[in-house]
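Only one structure is covered here, and it is reproduced in the block below.
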There are 2 protein chains.
Amino acid sequence: MTAIKESSTIQENKKYALDQCPVIYVMDKIGGYWKPIILFHLIQGDKRYSELKRAIPQVSEKMLIQNLKQLEADDLIIREAKPEVPPYVTYSLSKAGRGLQPVLEAMASWAFNDIDGNFGRRVS
Amino acid sequence: MTAIKESSTIQENKKYALDQCPVIYVMDKIGGYWKPIILFHLIQGDKRYSELKRAIPQVSEKMLIQNLKQLEADDLIIREAKPEVPPYVTYSLSKAGRGLQPVLEAMASWAFNDIDGNFGRRVS
DNA sequence: CATGATACATACTTTAGGGTAAGTACTTGT
DNA sequence: ACAAGTACTTACCCTAAAGTATGTATCATG
């Protein structure tokens with residue numbers, strides 16, 4: 001999964017940041033452009049791999065599974081594969097994943113306020 | 001500020017994501033490893049440039065101002081420079097910046113719950 | 001018998017983010 | 001005269017994230 005170099009300053013700093021700031025901990029798990037979108041779609045309900053693909057046409061298949069695998073590894077989503085022969089794989093939110101709903105909602109609310117200029121400065 | 005290529009798929013996708021998902025809008029503004037840390041420190045109160053530097057020793061000066069400039073451009077923080085001659089520059093949260101507090105708090109709360117295993121799976 | 005649908009995997013390349021290190025301008029202290 | 005503190009700026013390089021383009025296995029359908 002694009003193996004990372006252990007001996008880089010970036011990784012050292014990441015570790016530090018993780019201890020120092022819980023926000024970084026979250027960013028580490030839902031950061032990147034596609035993860036929040038995927039979670040957003042899964043909040044609406046369980047979805048098959050192909051459903052997600054169609055729901056988010058801009059994401060490449062590589063990015064989609066890569067992010068799904070990472071989210072699964074971080075216990076944010078649950079993958080269930082039925083042993084059928086046109087494969088049938090469903091992704092759903094785990095307990096931890098559902099726990100992110102307030103975060104995503106707070107973000108969404110802030111975003112709309114900021115876009116609407118409710119914080120001033122932009123509309124003044 | 002590390003000029004970006006307009007004609008890249010990444011940028012196209014960013015624009016799409018911004019429309020589709022408010023969470024991405026937030027990520028676009030407070031994403032990256034240092035921004036949330038900086039905001040975190042500024043929530044505790046206004047700080048001088050050098051105070052921030054000392055508070056976050058791991059961040060390089062380049063990253064620090066770069067992020068401060070971006071946060072300022074996004075109207076999340078306010079820069080105030082006293083026209084003194086050892087320069088005296090203070091950074092504080094704007095209204096929009098303070099509006100992020102619930103987001104950061106929701107994240108922090110989730111992070112602690114996840115670390116403590118309150119979502120299960122990790123302790124079980 | 002070849003195409004399409006399913007859910008991936010893998011190699012190869014580009015791009016943006018981040019790191020290192022040095023320099024600027026101006027003043028105070030020694 | 002020189003170092004140190006202030007708040008930056010700039011140039012160069014490396015790494016990780018993301019994109020492009022393929023290939024895999026299985027079965028159903030035309």
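Below, chain A is the first sequence line, B the second, and so on; all start at residue 1. Every value quoted in this text rests on a predicted model; they were computed, and no experiment measured them. No hydrogens, no waters, no symmetry mates; every other heavy atom, side chains included, goes into these values.
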Whole angstrom value for the distance that separates C1' of dT6(C) from CD of E84(A): 11 Å
In whole angstroms, how far is the P atom of dA17(D) from the CE atom of M27(A)? 15 Å
Of all residues at least two apart in sequence or in a different chain, which pass the side-chain contact (heavy atoms from CB on, under 4.5 Å) check with L64(A)? I38(A), Y49(A), L52(A), K53(A), V59(A), L68(A)
OP1 or OP2 of dA7(D) versus the side-chain N and O atoms of S50(B): is any pair under 4.0 Å? yes
Side-chain atoms of residues 97-111 of chain A: list all donor-acceptor pairs with protein atoms under 3.5 Å, sequence neighbours left out, distances to 0.1 Å.
from    : atom 1 : to      : atom 2 : distance (Å)
R98(A)  : NH1    : L93(A)  : O      : 3.2
Q101(A) : NE2    : E105(A) : OE2    : 3.3
W110(A) : NE1    : A96(B)  : O      : 3.0

Do K82(B) and Y88(B) form a cation-pi contact, if we require the NZ or CZ to be under 6.0 Å from the six-membered ring centre and within 45 degrees of the ring's axis? yes
Nearest to the K69(A) side chain among dA9(C), dA7(C), dC8(D), which nucleotide is it? dA9(C)
Count I, L, V, M, F, W, Y as connected when their side-chain heavy atoms are under 4.5 Å apart, and connections chain through other members. Are W34(A) and I43(A) then in the same cluster? yes
How long is the span from the NZ atom in K35(A) to the CE atom in M27(A), to the nearest 0.5 Å? 12.0 Å
Does the distance from a Lys or Arg side-chain N to an Asp or Glu carboxylate O, for K95(A) and D75(A), drop under 4.0 Å? no
What's the CG-C1' distance between D28(A) and dA16(D), to the nearest Å? 13 Å
In the 5'-to-3' direction, what one-character label does each nucleotide of nucleotides 20-30 of chain D receive under the scheme B = base within less than 4.0 Å of a protein heavy atom, S = sugar-phosphate only, - = no such atom? B-----SS---
Side-chain N,O (R48(B)) to OP1/OP2 (dT6(D)) below 4.0 Å: no
Whole-Å distance between dG5(D) P and K53(B) NZ? 9 Å
Protein-nucleotide distance (E72(B), atom CD; dA7(D), atom P), rounded to Å: 14 Å
